[in-house]
Amino acid sequence: MGVPLRPLLEGCRHPVEWDALFGVAAIDANNALYQFLSIIRQADGTPLQDDRGRVTSHLSGLLFRTTYFLEHGIRPFYIFDGTPPSLKAKTLSKRREIREAGKEQWDDALSRGDTEAAYRAAMQSSKVDRAIIESGQRLLDALGVPWMVAPSEGEAQSAFFVDAGIATYSVSQDYDSLLFGASVLVRNLTVSGKRRIRGKSVTISPERIYLFELLETLGITREMLVQIAILVGTDFNEGIYGIGPKKAMKIVRDGHFHETIAEKAPDLDPVPIMEFFLSPPITRDFHPEWRSPDSDLVVEILCSEYGFSTERVQPVLNRIAGPPKGMSGQQRLDAWF
DNA sequence: CTATAGAG
DNA sequence: CTCTATAGA
């Protein structure tokens, strides 16, 4: 979900080429898995799955995108969500309701023969569950790509990595990492540059957002940005009815944040939310390390275990694996390991 | 989402 | 080469 701040980002979303994104990418793992899971489906909404019915959509997505990162000189580093703060309980139960409604609508649409509605409902029914997460982590291990589980929100941990210089930028479709203080956020980091929106294929390109520029453009501080977010709604509180990004910005600039909350949402205590964004739980003692991919293990997992075809997996591995030992010549990705 | 084939 | 359709598991 994330925070609806898009309208405030005009002029601060800079198109960026893949080749300009060298460095370490701190990737919001749950966000990435969710995207794969919701989008990689057949026309009727059925996800990719092996012969035992285990979902594999996310493994396909992870494999190809991670490979693409590596090929472009980007070192991917996946950050998973840890224990959600209790502030997030309402959002989580709301998401659960949406998923359950999605499941029912999916069945309905299928029985009506409406495949487009079925696909949309299936997307809504997506859940990044334990099995999805653990299989994804296992694939990353085999690919030699580091990952870690944040103490709390992954985007908060990503923001720390960026600001500590451990990562070059944060990767997510959501804007939350900006609120957590990430100085650089990259969105739309997909391989194809296309996305299906309401059935139509739309071209999208990677965009980079600098927090300092955003704040400077809006003439506000990060604290004020968080105040704006609280007014329009975050994962930790509902937005105030009738207040969108634009009104929120005026309120905050005029110094009427607390007064507005007292007046329009007296039950909302913004202090713990503010504190959570400004100094979230993070760990400082994790340092990512990259290894060469273990091609045999990747094939073992994807082909033997999940029924992927070797013809699809092997070429991908050949592109990211270093040349066989003893062979001279072109060094490939070894340069980074 | 990504890869691949086929069409333009 | 770019675009569109479709399979993948």
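Just so it is clear, the model here is predicted, and its values are computed rather than measured.
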- Rounded to the nearest angstrom, tell me the gap between atom CZ in Phe308(A) and atom P in dT2(B). 14 Å

- Evaluate side-chain contact (heavy atoms from CB on, under 4.5 Å) for Asp129(A) paired with Val55(A), printing each intermediate quantity in order. CA-CA 11 Å; Asp129(A) 63 18; Val55(A) 172; over 6 Å; no

- Going by atom types only, do Ser135(A) and Arg54(A) share a side-chain donor-acceptor pair under 3.5 Å? no

- Query: Using a distance-only test with no angle check, is there a side-chain donor-acceptor pair under 3.5 angstrom linking Gln314(A) and Asn318(A)?
  - Reply: yes

- Query: Base, sugar-phosphate, or nothing: which does Ser309(A) touch, judged by heavy atoms less than 4.0 Å apart?
  - Reply: sugar-phosphate

- Pick one: which of Asn31(A), Asn188(A), Thr190(A) meets side-chain hydrogen bond (donor to acceptor under 3.5 Å, both in side chains) with Gln173(A)? Asn188(A)

- Query: Taking atom P of dA3(B) as reference, at what distance in whole Å does atom CD1 of Ile39(A) sit?
  - Reply: 15 Å

- Value in whole Å for how far the P atom of dC1(B) lies from CD1 of Ile27(A): 15 Å

- Message: What is the distance, to the nearest angstrom, from the CE atom on Met123(A) to the C1' atom on dC1(B)?
- Response: 10 Å

- Task: Under 4.0 Å between any heavy atoms, over every strand shown, what does Arg54(A) touch: base, sugar-phosphate, or nothing? Just pick one.
- Result: nothing

- Note on the structure: Paired to dA5(B) by Watson-Crick or G-U wobble criteria (both distances under 3.5 Å) is dT4(C)

- What is the distance, rounded to the nearest whole Å, between atom CG of Leu189(A) and atom P of dT2(B)? 9 Å

- Item | Rounded interatomic separation in angstrom, taking CZ from Arg41(A) and P from dG8(C) | 17 Å

- Between the base of dA9(C) and the side chain of Gln42(A), is there a donor-acceptor distance below 3.5 Å? yes

- Just call it for Pro47(A): base, sugar-phosphate, or nothing, with non-hydrogen atoms closer than 4.0 Å on any strand. base

- Nearest-angstrom distance from the residue atom CG of Leu63(A) to P of dT4(B): 11 Å

- Query: What nucleotide, of dA9(C), dG8(C), dA3(B), holds the atom closest to the side chain of Val191(A)?
  - Reply: dA3(B)

- Does any donor atom in the side chain of Ser172(A) or Asp174(A) lie under 3.5 Å from an acceptor atom in the other side chain? no

- In whole angstrom, give the distance that lies between atom OH of Tyr119(A) and atom C1' of dG8(C). 13 Å

- With the side chain of Thr56(A) defined as its heavy atoms from C-beta on, choose the nearest nucleotide among dA9(C), dC1(B), dA3(B). dA9(C)

